[in-house]
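First up is the structure itself, then whatever we jot down about it.
Scope of the values below: all heavy atoms of this structure, side chains included, with no hydrogens, waters or symmetry mates. Counting starts at 1 for both ligands and their atoms, in listed order.
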Amino acid sequence: MEQKPDYYNNLDKIYSKIWNLLNAGLQNRDSPFHIPVFICGQENESSGRIVVLRGIDENERKIWFHSDIRSKKIKILKSYPEANFLFYDKSEKIQLRIKGSVKINYQNDITKKSWKKTTHMSRQCYLGNYGPGSENSEPTSGLTEKIDNLKYTIEESEIGYKNFSVIETFISSIEWLFLAAKGHRRAKFDYKNKIIKKYWLIP
Ligand SMILES: Cc1cc2nc3c(=O)[nH]c(=O)nc-3n(C[C@H](O)[C@H](O)[C@H](O)COP(=O)(O)O)c2cc1C
């Protein structure tokens, strides 16, 4: 018999479980919640891509990731700063859709703090001469051989800061779906100022 988790019929417990899963996604590289899909768009076009979850703040109800300021998504977000995250954990059988408004942080206190914490290796992404998505006549990583081989000092990597941004999403709602053979459960959490409206949906 399939065991029902303790949050199965309990909105408050589901809400705690959501933030526990997000925290696991942040702390554990092997957690499926570590790499959500981030979706943004304009009137008649939207696009999704995998990003690495870099931060969560339950009190401020925000989550964030890092990105190259030259990437296409930044242009999209500048014209329409609303986005969705999509998470799925197969073993937990839980899908989350997180919706919110986006703030692009660039060369401010938030980016300074985050950049300081980036590792030597992760700085590699910000050291290309051309932005991600630039067309090229040949197959390429877009990096010089030295950078490809991680043969740069931490001081040399500082130049990557000019391409670094922190994309925060201020959450307006979270939608939960739990798949169970004996009855799925779907719930929604809307943030309205200080209040969280918690309610069930038909799965
Ligand atoms: C496992 C994985 C992790 C990734 N992490 C990030 C990330 O944290 N930030 C990011 O901007 N792109 C990340 N990417 C690359 C994006 O999926 C995407 O290709 C890139 O950001 C360009 O997207 P855009 O042209 O829509 O801006 C990651 C890709 C993979 C496969």
Side-chain angles (χ1 to χ4, degrees), residues 21-57 60 62-92 94-144 147-148 150 152 154 157-171:
L21 283 170
L22 290 171
N23 193 45
L26 186 65
Q27 309 289 342
N28 176 4
R29 295 165 57 92
D30 295 326
S31 157
F33 272 38
H34 189 58
I35 47 167
V37 178
F38 177 79
I39 302 154
C40 56
Q42 285 150 317
E43 296 90 55
N44 47 17
E45 198 195 327
S46 64
S47 55
R49 77 284 291 146
I50 300 278
V51 296
V52 173
L53 185 64
R54 294 289 183 185
I56 66 170
D57 187 329
E60 288 200 39
K62 64 177 183 181
I63 61 178
W64 61 94
F65 65 94
H66 298 163
S67 196
D68 192 309
I69 194 74
R70 300 167 295 179
S71 66
K72 174 101 187 281
K73 72 182 90 49
I74 304 288
K75 287 189 193 78
I76 297 170
L77 290 167
K78 277 183 181 160
S79 67
Y80 191 75
E82 299 291 322
N84 285 272
F85 282 87
L86 181 63
F87 296 84
Y88 180 57
D89 187 320
K90 189 169 187 277
S91 62
E92 296 267 9
I94 290 167
Q95 169 182 269
L96 280 193
R97 293 152 110 183
I98 294 187
K99 196 176 158 65
S101 49
V102 171
K103 182 181 171 209
I104 301 165
N105 291 285
Y106 182 62
Q107 301 205 328
N108 64 15
D109 287 346
I110 289 176
T111 52
K112 247 184 243 161
K113 215 171 119 201
S114 296
W115 178 254
K116 267 203 196 125
K117 286 198 242 161
T118 56
T119 59
H120 176 266
M121 197 170 143
S122 63
R123 288 185 175 192
Q124 189 190 44
C125 312
Y126 304 97
L127 295 174
N129 288 329
Y130 301 97
S134 307
E135 246 188 81
N136 211 77
S137 55
E138 289 157 30
T140 177
S141 67
L143 303 173
T144 61
I147 292 167
D148 252 340
L150 299 169
Y152 52 85
I154 199 81
S157 73
E158 287 300 332
I159 196 166
Y161 181 63
K162 70 177 192 308
N163 299 323
F164 180 74
S165 64
V166 177
I167 311 303
E168 290 179 304
T169 296
F170 293 83
I171 302 173

> Under 4.0 Å from any heavy atom of S67, which atoms of ligand 1 are there?
Replying inline: 10 (C), 11 (O)

> Atoms of ligand 1 less than 4.0 Å from S71 heavy atoms?
Replying inline: 27 (O)

>> Is it the case that ligand 1 has an N or O less than 3.5 angstrom from some N or O of D68?
In response: no

>> Among all the protein's non-hydrogen atoms, which is closest to atom 10 (C) of ligand 1, and how far away is it?
In response: H66 O, 3.6 Å

>> Please state which option from H34, K72, K73, R49 has its nearest heavy atom closest to atom 26 (O) of ligand 1.
In response: R49

> For Y161, what residues pass the side chain to side chain donor-acceptor pair (under 3.5 Å) criterion, not counting sequence neighbours?
Replying inline: T111

>> As an exercise, state the distance from CG of D68 to OH of Y126, rounded to the nearest 0.5 Å.
In response: 7.0 Å

>> If the condition is salt bridge (Lys or Arg N to Asp or Glu O under 4.0 Å), which residues does E60 pass it with, not counting sequence neighbours?
In response: K62

> How long is the gap from CD1 on I167 to CD1 on I63, to the nearest 0.5 Å?
Replying inline: 12.5 Å

>> Below 4.0 angstrom, counting only protein heavy atoms, does anything approach atom 21 (O) of ligand 1?
In response: yes

> Is a donor on one side and an acceptor on the other found under 3.5 Å between the side chain of R123 and the backbone of W115?
Replying inline: yes

> Which of these, I50, V52, I39, has its nearest heavy atom closest to atom 8 (O) of ligand 1?
Replying inline: V52

> Can an N or O of S47 be found at a distance shorter than 3.5 Å from an N or O of ligand 1?
Replying inline: no

> If only atom types and distance count, is the side chain of Y88 paired as donor or acceptor with the main-chain N or O of F33 below 3.5 Å?
Replying inline: no

